[in-house]
Amino acid sequence: MSDRSRAGARRRPQRHLPLQVLLGFLVVYFLVPFWWVIVNSSKDAPGLFGGGNTLWFAERIDYLGNLEQLFAYDNGIYGRWILNSTLYALAGGVGATILAVMAGYGFAKYRFAARRFSFSLVLGALMVPATALVIPTFMMFSEFGLTNTIWAVILPSLLNPFGVYLMHVYARDAVPDEILDAARADGAGEVRTFLQVAFPLMRPAVVTVLLLSAVASWNNYFLPLAMLSDNRLFPVTVGLGLWQGIASANNAGSTSLWSLIIMGALVSVVPLVIAFFTLQRHWRGGLSVGGLR
């Protein structure tokens, strides 16, 4: 290798230095709040308000004590909130994914009347903020007597215009029409063609829509806040907001709700982390299947 080539090889990695610095800054920016929750969920009330370093542990670390108090407070209402959030996330995520897969695949691979107009409506729905639809949805559900029920949270979560758009784009590019025509020529029906030919190729997008829909349902706050009045039906987001209001008004008596709120926030993140790492292998598996086919 010549001296000029060696010099070029040494200089080339330096071009990425600004990008690496920017990425490092973003990593720190996103991890600091999570680290703050991890640290402060180990503290009791004196540790939280004692004036110590908020980004480091206090002298007394009491994860187990805070966790036990969290699930024991108010007759274990936090555990019910976690179960409610799990129900809303599973029902909303799975239901929204099924509808998005069917709609996106239909828009991509079938020709029918008003297809472009219908897909334009889906794209238009992407521009409408979800919070702007909460009050009209509440008024509509109140006419049917569905407010303050689990259906008031689950049914609106089934509509995911972005999921439909993502599945349409992915199915259009990742599922060749020639493969579908070959399956039909071999005598496979439309359902079998979709399940055995198209669906394995669409797996990465399906998992993506499932994860995004489940996370959106888990983190949903304004919709259940408007729809529900019974605290036994609250998801964990609204429940922690309720506790925060009580703690701000100092109406919790001798119990320090701030320690429970921070510990509850940490516990509420754990299912999302587990879901992400569990579904991550399906992304790789789906991409491999698509490449082999």
Side-chain angles (χ1 to χ4, degrees), residues 34 37 67 70-71 76-105 122 125 130-131 133-134 137-138 140-141 144 146-167 170-171 194-195 199-200 202-243 263-286:
F34 187 61
V37 172
L67 192 64
L70 172 68
F71 283 94
I77 191 66
Y78 181 83
R80 187 180 181 91
W81 291 342
I82 286 289
L83 294 178
N84 292 339
S85 291
T86 303
L87 173 63
Y88 299 149
L90 288 178
V94 173
T97 302
I98 292 174
L99 293 178
V101 169
M102 292 191 299
Y105 179 78
V122 174
T131 53
L133 301 176
V134 171
T137 303
F138 173 81
M140 181 178 65
F141 275 53
F144 294 96
L146 292 177
T147 55
N148 201 30
T149 65
I150 61 173
W151 302 110
V153 179
I154 293 176
L155 292 180
S157 301
L158 300 180
L159 301 179
N160 186 357
F162 176 75
V164 175
Y165 172 74
L166 179 62
M167 293 308 309
Y170 197 89
F194 170 75
L195 293 178
F199 186 79
M202 298 164 57
R203 188 189 303 173
V206 172
V207 174
T208 301
V209 172
L210 174 61
L211 185 60
L212 293 179
S213 301
V215 170
S217 297
W218 183 278
N219 292 330
N220 200 355
Y221 177 78
F222 191 37
L223 176 67
L225 178 65
M227 291 291 185
L228 305 175
S229 58
D230 186 356
N231 65 349
R232 293 175 300 176
L233 299 177
F234 284 174
V236 67
T237 51
V238 179
L240 291 178
L242 175 65
W243 280 359
M263 174 58 74
L266 177 63
V267 173
S268 68
V269 174
V270 173
L272 300 181
V273 175
I274 294 175
F276 176 81
F277 285 106
T278 301
L279 295 176
Q280 189 179 28
R281 62 186 181 90
H282 293 287
W283 274 312
R284 295 193 297 267

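The shown structure was predicted, so the numbers you read here are calculated from the model rather than taken from an experiment.
- Judged purely by atom type and a 3.5 angstrom limit, S217 has no side-chain atom pairing as donor or acceptor with the backbone of G92.
- Heavy atoms only, all atoms of each residue included: A96 and N160 are closest at CB-CB, 4.2 Å.
- With rounding to the nearest 0.5 Å, the separation of CD1 in I150 from CG in L87 is 5.5 Å.
- Applying the ring pair (Phe, Tyr, Trp, His ring centres under 6.0 Å) test to F138 and every residue at least two apart in sequence or in another chain returns nothing.
- The ring pair (Phe, Tyr, Trp, His ring centres under 6.0 Å) check on W218 picks up nothing, with sequence neighbours excluded.
- Annotation: the span from M167 atom CE to T208 atom OG1 amounts to 9.0 Å, rounded to 0.5 Å.
- Take Y78 and apply the ring pair (Phe, Tyr, Trp, His ring centres under 6.0 Å) test, not counting sequence neighbours, and it matches F71.
- Minimum heavy-atom separation, A103 to V164: CB-CG1, 3.9 Å.
- Within the structure, side-chain hydrogen bond (donor to acceptor under 3.5 Å, both in side chains) contacts touching residues 146-157 (residues at least two apart or in different chains) are N148-S229.
- Atom CG of residue L240 and atom CZ of residue F234 lie 11.5 Å apart, to the nearest 0.5 angstrom.
- Across all their heavy atoms, L212 and F162 have their closest contact at CD1-CE2, 3.8 Å.
- Among residues at least two apart or in separate chains, salt bridge (Lys or Arg N to Asp or Glu O under 4.0 Å) pairs with a member in residues 213-232 are D230-R232.
- Between A89 and A214, the shortest heavy-atom contact is CB-O, 3.7 Å.
- A donor-acceptor pair under 3.5 Å is formed between the side chain of T237 and the backbone N or O of N220.
- Counting heavy atoms from C-beta on, the side chains of L233 and M227 never come closer than 4.5 Å.
- Partners of L90 under the side chain to side chain contact (heavy atoms under 4.5 Å, CB included) rule, at least two apart in sequence or in another chain, are T86.
- Residue pairs meeting the salt bridge (Lys or Arg N to Asp or Glu O under 4.0 Å) criterion with at least one member in residues 78-92: none, sequence neighbours excluded.
- Annotation: the span from T131 atom OG1 to Y221 atom OH amounts to 13.5 Å, rounded to 0.5 Å.
- Smallest separation of non-hydrogen atoms from T137 and P156: CG2-CG, 3.9 Å.
- Between atom CG of residue L70 and atom CH2 of residue W243 there is a gap of 5.0 Å, rounded to the nearest 0.5 Å.
- Judged as a side chain to side chain contact (heavy atoms under 4.5 Å, CB included), and not counting sequence neighbours, the contacts of T97 are V101, V206, V209, L210, S213.
- Here the side chains of L155 and F141 are in contact, with some heavy-atom distance below 4.5 Å.
- For I98, the side chain to side chain contact (heavy atoms under 4.5 Å, CB included) criterion is met by V94, M102, not counting sequence neighbours.
- When the side chain to side chain contact (heavy atoms under 4.5 Å, CB included) test is applied to V153, the partners found at least two apart in sequence or on another chain are Y88, P224, L228.
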Return a table of donor-acceptor pairs under 3.5 angstrom between the side chains of residues 264-274 and protein atoms on other chains or two or more places apart.
from: S268; atom 1: OG; to: G264; atom 2: O; distance (Å): 3.4
from: S268; atom 1: OG; to: A265; atom 2: O; distance (Å): 2.7

